[in-house]
Every structure is written in structure tokens, then in C-alpha cells.
Protein chains: 2
Amino acid sequence: MNKDRPYSALVQRLKAAGLRPTRQRLALAKLLFEPQSGGDRHITAEQLHAEAVAGAVRVSLATVYNSLHQFTGAGLLREVVVEPGRSYFDTNVSDHHHFYFEDGGRLQDIPGEQVHLEGLPTPPEGTRVARIDVIVRLSDGESEAS
Amino acid sequence: MNKDRPYSALVQRLKAAGLRPTRQRLALAKLLFEPQSGGDRHITAEQLHAEAVAGAVRVSLATVYNSLHQFTGAGLLREVVVEPGRSYFDTNVSDHHHFYFEDGGRLQDIPGEQVHLEGLPTPPEGTRVARIDVIVRLSDGESEAS
DNA sequence: ATTCCACATTAGAATTATTCTAAATTATTG
DNA sequence: CAATAATTTAGAATAATTCTAATGTGGAAT
Ligand SMILES: [Mn+2]
Ligand SMILES: [Mn+2]
Ligand SMILES: [Zn+2]
Ligand SMILES: [Zn+2]
């Protein structure tokens with residue numbers, strides 16, 4: 001609605017996270033949190049950098065890494081590891097799980113409420129559960145008939 | 001019982017997997033599958049290489065990587081990814097899950113039977129579930145009182 | 001508006017885990 | 001014992017990520 005201040009919501013979001021709303025962070029936040037094609041995103045640093053460059057945003061890869069980690073620290077993103085040597089950053093920070101398509105290397109959300117995990121042992125003394133990740137790895141091919 | 005042929009069981013295991021029982025593979029298999037301190041192992045390539053070297057086994061890091069991947073391909077090991085840039089190889093190839101201690105970077109098995117996962121959506125057409133990983137990430141600190 | 005400085009960005013080098021290459025070695029077969 | 005194919009290996013190469021140290025900038029204070 002505000003064509004005059006198209007970034008004001010994002011500016012607030014960054015400020016609230018204690019991050020200065022710089023040109024680079026703002027542009028990256030826009031790509032991450034306001035995608036043209038709605039919905040949540042699962043993206044690597046390299047991919048985001050490529051998008052930025054394609055969108056005529058001047059930003060270094062180092063800054064993309066910095067920003068992704070800062071956003072993650074601030075709870076705006078979540079880091080998901082499915083393969084050695086590749087980190088995905090997830091704009092969906094709610095409790096949820098993932099399908100991982102092993103061929104294409106794509107992630108797809110599984111809403112957290114609909115999954116129930118039972119029978120997990122109590123965590124050892126002196127530790128607490130920081131997070132539970134469920135990753136359903138999918139490969140090509142029809143599933144077996146029952 | 002067989003002091004004469006202490007490796008015969010491992011030799012069979014490798015042969016059955018279509019892998020020549022070379023000195024290197026045998027020594028690595030022994031470290032992996034016959035640990036002094038019983039129980040399953042979660043180990044990185046670097047760690048296994050260090051153990052081998054410490055045990056006066058001459059083997060290159062490249063061969064450790066090769067062997068770990070060959071063992072994994074043969075179903076003798078399973079690869080577990082919990083952190084970007086670090087692969088653990090798991091001697092427990094049964095269906096099971098993991099506690100991950102974020103501070104020390106250690107993995108601990110959670111038996112598969114005792115955990116029940118319900119409400120997972122059906123995998124998309126043309127795909128099948130290759131594996132389901134549940135990783136319970138633990139950090140230091142007492143858990144909240146209820 | 002100008003100054004100031006803590007915070008932010010950046011190019012490029014460095015690091016880390018892993019893979020590749022091509023030559024030397026070894027296990028098995030005949 | 002060859003002969004052959006599989007295996008090992010040192011070292012180079014790659015890929016993702018982090019680090020360094022120099023430069024730039026947002027925004028508070030004047
Ligand atoms: Mn990270
Ligand atoms: Mn691998
Ligand atoms: Zn997600
Ligand atoms: Zn395990």
C-alpha cells in the first residue's frame with residue numbers, strides 16, 4: 001500500500017532484530033521475505049547471491065553469508081542441513097519438518113502440527129532439546145505396492 | 001576364538017560386499033566394526049584416519065574416504081549429516097534416530113522401534129521414501145520445569 | 001548540515017572438508 | 001609365476017565457507 005516507503009516493514013523488522021537496515025541487508029531481506037512467488041523459501045548463500053546479482057543488487061558473497069547468519073541469529077531464518085557441504089536457509093521459522101528431494105536437492109515443508117513424534121527418550125541430564133529435525137529423504141521411483 | 005585368523009569374519013563381510021579384503025580395508029573395518037569399547041560408532045573420516053595412524057596402520061586419507069563410501073554403498077555403514085561440512089559414518093545401519101550434542105559434536109543413537117512418527121504426508125507422486133532421519137539437537141542447560 | 005565512530009561491507013586470501021588424477025602397488029586369476 | 005584389473009596414494013584440485021584488514025556508511029550527537 002505504501003509505494004513511497006516500500007521497505008518500511010522490512011526496515012522495522014531489521015531494527016527490531018538490532019540490525020542496521022543497510023542497503024544490502026534490506027535488499028536481501030526483500031528477496032528472502034517478499035518473494036514474487038509467495039510462500040516460504042529454502043535457499044543457499046550462493047543462490048541468494050546469484051539472485052541479488054541478477055536483480056542488479058550490488059552485494060558481496062561475504063555479506064550474503066554474514067547477513068544470513070545474522071538473520072538466523074535473530075530468529076528470522078533457520079539453517080537446515082541435509083547434505084554435507086551445503087546449508088539451506090529457511091524463511092519458515094515455525095516448528096516444521098521437511099521432505100528432501102535427493103535428486104534435485106530441493107526442500108519442501110511439512111507442517112509441524114500434523115506430525116506427531118512419540119516415544120522419544122528424555123534428553124540426558126544437563127541438556128535441553130534445542131530443536132527436532134525430521135527429514136524425509138525422497139528418491140525417484142514409485143513407492144512399493146503394499 | 002581364532003587367534004590364527006583373527007580377521008576371517010571381516011574378510012567374509014568384505015567379500016560378501018564385493019570388496020577385496022585388502023590390508024587397508026581390513027584394518028579400517030576392524031576399527032569400525034570391532035571396537036575395543038563395544039557398541040556402535042559415529043565417526044568422521046578424519047577421526048578414523050587419526051585412529052588408524054595412531055594404531056600404526058599405514059593408510060591414506062583418500063583411502064579412508066574411499067573405504068567409508070564403499071562400505072556405505074554396501075550397506076555396512078550409513079552416512080549422517082548434522083552440521084554443514086561434516087559427515088559422520090554410523091556403524092549402526094538399522095532404522096534408528098539420533099541425539100546430537102551441539103557442543104561436543106557427538107551423536108547418540110535412539111533406537112528406532114521406540115519412536116513413533118505419525119501424520120507424515122504421503123510422498124509426492126513419482127517419489128519414494130529413501131530414509132527418515134530424526135535428529136534431536138541438544139544444547140547445554142537444564143530443561144525448563146513444566 | 002557536518003562530524004564522528006561504531007558498525008557494516010568487501011576483495012581477496014585462507015581454511016576445511018572432500019574429491020580428483022594419474023602413477024605406483026597389490027590382490028586375484030589363469 | 002605372469003597378466004590383469006582393482007586398489008592405494010600423494011598431491012593437486014574443488015567447493016563451501018570463513019577470515020582479514022582496509023574501506024565505506026548509518027545515524028546519533030553536535
Ligand atoms: Mn553456519
Ligand atoms: Mn559422501
Ligand atoms: Zn522449511
Ligand atoms: Zn546411529
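Protein chains get the first letters and strands the later ones, always in sequence-line order, with residue 1 at the start of each.
Atom pair B/Glu79:CD and C/dA17:C1' shows a separation of 12 Å (rounding to whole Å applied). At whole-Å resolution of the value, OH in A/Tyr88 and P in D/dT17 are 10 Å apart. Atom P of nucleotide C/dT19 and atom CZ of B/Arg86 are separated by 15 Å, given to the nearest angstrom. One interatomic measurement links the two molecules: CD of A/Glu83 to C1' of D/dT17, which rounds to 16 Å at whole-angstrom precision. The nearest whole Å value for the distance from the CD atom in B/Gln47 to the P atom in C/dT16 is 15 Å. Atom pair A/Tyr65:OH and D/dA16:P shows a separation of 7 Å (rounding to whole Å applied). One interatomic measurement links the two molecules: CG of A/Leu14 to C1' of D/dG27, which rounds to 15 Å at whole-angstrom precision. Spacing between atom CG of A/Leu26 and atom C1' of C/dA8 amounts to 14 Å, rounded to whole angstrom units.
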Scan the side chains in residues 112-127 of chain A for donor-acceptor partners under 3.5 Å anywhere in the protein, sequence neighbours excluded, and list what turns up.
residue: A/His116; atom: NE2; partner: A/Glu113; partner atom: O; Å: 3.3
residue: A/Thr127; atom: OG1; partner: A/Pro124; partner atom: O; Å: 2.6

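The aromatic rings of B/Phe101 and B/Phe99 lie tilted to each other, with the angle between the two planes from 30° to 60°. The aromatic rings of A/Tyr100 and A/Tyr88 sit perpendicular to each other, their planes meeting at more than 60°, with 30° as the lower class boundary. In this pair, B/His98 and B/His96 present their aromatic rings perpendicular. The plane angle is above 60°, beyond the 30 to 60° band.
When the side-chain nitrogen and oxygen atoms of A/His69 are compared with OP1 and OP2 of D/dT17, none of them lie within a distance under 4.0 Å.
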Output the pairing pattern of DNA chain D as a dot-bracket string, 5' first, Watson-Crick or G-U wobble with both distances under 3.5 Å, | for cross-strand pairs, [ ] for crossing pairs. ||||||||||||||||||||||||||||||
For a side chain to side chain contact (heavy atoms under 4.5 Å, CB included) check, start with the C-alpha distance between B/Thr72 and B/Arg78, then their side-chain angles and the critical distance, and finish with the verdict. CA-CA 5 Å; B/Thr72 301; B/Arg78 178 177 143 167; 5.8 Å; no
Classify every nucleotide of nucleotides 2-12 of chain D by which part a protein heavy atom approaches to under 4.0 Å, writing B for the base, S for the sugar-phosphate alone and - for neither, in 5'-to-3' order. ----SSSBS--
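Dense packing is recorded around CZ of B/Arg131, with more than 12 heavy atoms of other residues, nucleotides or ligands lying under 6.0 Å away.
Counting only N and O atoms by type, the side chains of A/Arg25 and A/Gln70 include a donor and acceptor under 3.5 Å apart.
Because its NZ or CZ atom is both nearer than 6.0 Å to the ring centre of B/Phe33 and within 45° of the ring axis, B/Arg13 counts as a cation-pi partner of that residue.
Electrostatic pairing of B/Lys30 and B/Glu51 does not count as a salt bridge here, judged by no charged N lying under 4.0 Å from a carboxylate O.
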